[in-house]
Amino acid sequence: MSHLAAGAAALRRRGTPGAADPGAAGAARVSRFLSLLSVAGGLAVWEGLARELPRAILAPPSAVAWRLAEGLVAGELPAAFGRALAHLALGYALAVAAGVPLGLLMGRSGRAFHLLDPVVAAVYAVPPVAFVPFLVIWFGLFFPARVALVFLMCVFEILLTVAAGARDVDPGLVEVGRSFGARGARLARMVLVPAMLPFLFAGLRVGLVRAVNAMITAELFLAAVNLGGLMKASASRFDTAGLLAVIATLSAFGLLAQEGLKAVEARALPWRLRR
Amino acid sequence: MDTGSGRTGRGATRALRALGLAAALGLWELAGRGAGDALLAPPSRVAPEYLRLLLEGTMLAELAGSLRQMLVGFLLACLVGLPAGVAMGRSRALDALLHPWVGMFVVTSVASLVPLFIVVLGTGFAFRAAVVFVAAVWYVLLTAYHGARGVDPRWLEVGRAFAAGRVRLFRCVLLPALYPYLVTGARLGLVHAIRAMVVAEMFIIVGYGGLVYNTGLLVSTGPLLALLATLGLVSLAATRALRWAGRVLAPWYEERLPLA
């Protein structure tokens with residue numbers, strides 16, 4: 001279904017307030033309730049099981065929550081997190097700066113795509129962590145190497161998603177633009193860019209999740225500082241509560257970052273209907 | 001998926017791809033000569049190293065061992081993830097129950113789970129299989145889920161109109177419609193399984209990952225790049241094989257890659 005048809009359908013629905021299907025709203029409420037029930041239930045089961053096992057096997061959620069609170073109050077966790085964000089931000093920014101233009105180029109130009117694709121596919125096929133020894137040789141064990149790993153881990157995702165999106169711009173839209181006399185820059189601004197924005201955002205989102213992963217990977221496989229250092233210290237003490245606290249923080253951050261980008265996308269692309 | 005319109009024909013495409021590859025190799029050679037073996041061994045140095053490693057046998061032996069352990073985790077991920085994903089896609093209730101957990105786990109970094117898994121499971125086979133499983137299962141599940149959700153209800157209507165029972169509907173309508181998604185899910189899962197395999201192995205320095213780690217400590221980057229090349233080739237071959245399997249299973253269906 002094209003964006004235009006979906007948008008038109010959404011407008012028609014929004015245009016008649018109160019005509020929303022009551023059945024659908026009820027079903028959505030039940031779904032939300034079930035989701036909350038599932039999370040609560042899961043945590044309860046985890047709490048029950050973990051109380052029976054020794055701490056070294058698996059800490060219960062209560063212990064993890066306590067450790068999180070402790071870490072927050074002591075300031076240790078936020079400080080480590082803040083420092084880790086540095087190489088996340090720089091690596092991600094570099095990946096976006098490289099991946100988006102290249103992706104657009106590869107998407108719009110068939111020739112560029114066929115020229116660059118073999119190399120991109122070959123390097124992308126290698127698991128990024130395997131490059132760590134190579135990065136150590138080039139960048140050392142600290143900040144520059146961490147930035148390089150973050151870059152390496154998200155640039156291909158961004159590039160490939162943007163390229164796929166740029167390639168699939170509905171030619172019908174381009175035709176309509178051309179038939180109204182738009183050319184070159186005008187065409188790009190009024191038709192191409194808005195049509196590609198959803199895929200741009202998808203690329204940014206996927207890249208961001210990978211970047212958050214890369215942030216902690218870098219601190220575990222290179223010099224163990226900040227969060228990675230906390231994790232290694234916890235691991236050596238068999239402190240699963242500490243480990244889970246950091247994991248939970250990272251997952252929560254990943255989810256928040258993803259939702260944040262979705263919110264920005266919703267603002268920037270109000271016409272786009274998301275399922 | 002149109003990759004370049006009718007203007008560039010098949011032959012031109014191949015020529016461009018070959019040109020791109022050749023240009024990249026040429027640049028690599030030049031850069032390698034300039035930077036030296038310790039920083040970037042050029043292809044002319046990596047190729048003989050590659051042959052040497054191949055004949056010596058360690059590389060292939062470690063690779064086989066690592067892949068075997070990876071496959072256990074991956075197959076388990078498929079066995080669990082595919083049915084679960086389809087079930088979630090067909091049942092609103094199940095979807096509501098499981099989706100928050102799936103959503104939480106899919107953004108969790110595999111690397112962050114490794115220290116926890118080591119504490120809980122040790123560093124043996126269970127650990128390596130578990131890491132691969134946890135890395136791959138969400139992608140398999142979500143792809144199957146999207147496939148199951150997207151099954152055209154009209155096809156099911158036609159099936160019901162011909163008085164097909166539940167099992168028949170599943171076997172003759174739902175399953176064939178799902179094939180491309182199941183295969184794509186397996187493919188995505190495999191990519192993440194291989195990645196997780198390397199993460200786990202490099203952390204505790206065993207298997208192929210351990211070999212890469214130790215080779216990285218050598219003075220020349222030649223052997224290291226050779227090992228990385230093998231890893232890349234394995235990954236490409238695996239995804240090619242699954243794509244081929246997909247075409248064999250469902251030749252009528254042009255494969256569509258769902259955006260995660």
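All chains are named by letter (A, B, ...) in the order of the sequence lines, taking the proteins before the strands, and each is independently numbered beginning at 1. Keep in mind it's a predicted model, so treat the numbers as computed, not measured.
- In this structure, chain B has heavy atoms under 4.5 Å from both the backbone and the side chain of Leu220(A).
- For the set Leu19(B), Leu231(B), Leu39(B), the count of heavy-atom pairs under 4.5 angstrom toward chain A peaks at Leu39(B).
- Proximity to chain B (any heavy atom under 4.5 Å) is restricted, for Gln258(A), to the side chain, taken from C-beta onward.
- The CZ atom of Phe134(A) lies 13.5 Å from the OG1 atom of Thr215(B); values are rounded to the nearest 0.5 Å.
- With a threshold of 4.5 angstrom between heavy atoms, Ala93(B) approaches chain A through its backbone and through its side chain.
- Per-residue heavy-atom pair counts under 4.5 Å with chain A were compared for Leu40(B), Val107(B), Val212(B), and the maximum is reached by Val107(B).
- In this structure, Arg17(B) CZ and Leu115(A) CG are separated by 10.0 Å, a value rounded to the nearest 0.5 Å.
- The contact between Val39(A) and chain B is made by backbone and side chain atoms together, counting heavy-atom distances below 4.5 Å.
- With a 4.5 angstrom heavy-atom cutoff, Leu116(A) does not touch chain B via any of its atoms.
- Put simply, the side chain of Val110(B) does not reach to within 4.5 Å of the side chain of Asn213(A), judged on heavy atoms.
- The structure places OG of Ser109(B) at 7.0 Å from CD1 of Ile216(A), a figure rounded to the nearest 0.5 Å.
- Looking at Leu116(B), both its backbone and its side chain come within 4.5 Å of chain A, counting heavy atoms on both sides.
- Residue with the most contacts toward chain B among Leu250(A), Val209(A), Asp117(A): Asp117(A) (heavy-atom pairs, distance under 4.5 Å).
- Distance check, rounded to the nearest 0.5 Å: CZ of Phe238(A) to CD1 of Ile118(B) gives 10.0 Å.
- Put simply, the side chain of Ile247(A) reaches to within 4.5 Å of the side chain of Thr108(B), judged on heavy atoms.
- The closest side-chain heavy-atom distance from Pro128(A) to Arg195(B) is below 4.5 Å.
- Per-residue heavy-atom pair counts under 4.5 Å with chain B were compared for Gly254(A), Ala252(A), Ser251(A), and the maximum is reached by Ser251(A).
- The line from CG of Leu98(B) to CG of Leu34(A) is 10.5 Å long, rounded to the nearest 0.5 Å.
- Going from atom CE of Met231(A) over to atom CG of Leu113(B) covers 7.5 Å, rounded to the nearest 0.5 Å.
- Heavy-atom distances place the side chain of Arg210(A), and not its backbone, under 4.5 Å from chain B.
- Crowding of Arg90(B) atom CZ: a count of heavy atoms from other residues, nucleotides or ligands under 6.0 Å exceeding 12.
- Heavy atoms from other residues, nucleotides or ligands lying under 6.0 Å from CH2 of Trp101(B) number more than 12.
- No other option in Leu37(A), Thr217(A), Leu227(A) has as many heavy-atom pairs under 4.5 Å with chain B as Thr217(A).
- Ser31(A) contributes no side-chain N or O that, together with a main-chain N or O of Ala96(B), makes up a donor-acceptor pair within less than 3.5 Å.
- Comparing Tyr208(B), Tyr213(B), Phe203(B), Phe105(B) by how many heavy-atom pairs each has under 4.5 Å with chain A, the most go to Phe203(B).
- For Pro115(B), the parts lying under 4.5 angstrom from a heavy atom of chain A are both the backbone and the side chain.
- The minimum heavy-atom distance linking Ala122(A) with Leu236(B) is given by the pair CA-CD1, 4.5 Å.
- Closest of all the heavy-atom pairs between Arg111(A) and Leu16(B) is CG-CD1, 3.5 Å.
- For Phe221(A), the part sitting under 4.5 Å from any heavy atom of chain B is the side chain, from C-beta outward, and nothing else.
- Between chain A and the residues Val199(B), Val114(B), Thr221(B), Leu21(B), the most heavy-atom pairs under 4.5 angstrom are made by Val199(B).
- Scanning all heavy atoms of the two residues, the minimum distance from Pro127(A) to Val198(B) falls at CG-CG2, 3.7 Å.
- Ranked by heavy-atom pairs under 4.5 Å with chain A, the first of Gly216(B), Pro100(B), Ala15(B) is Pro100(B).
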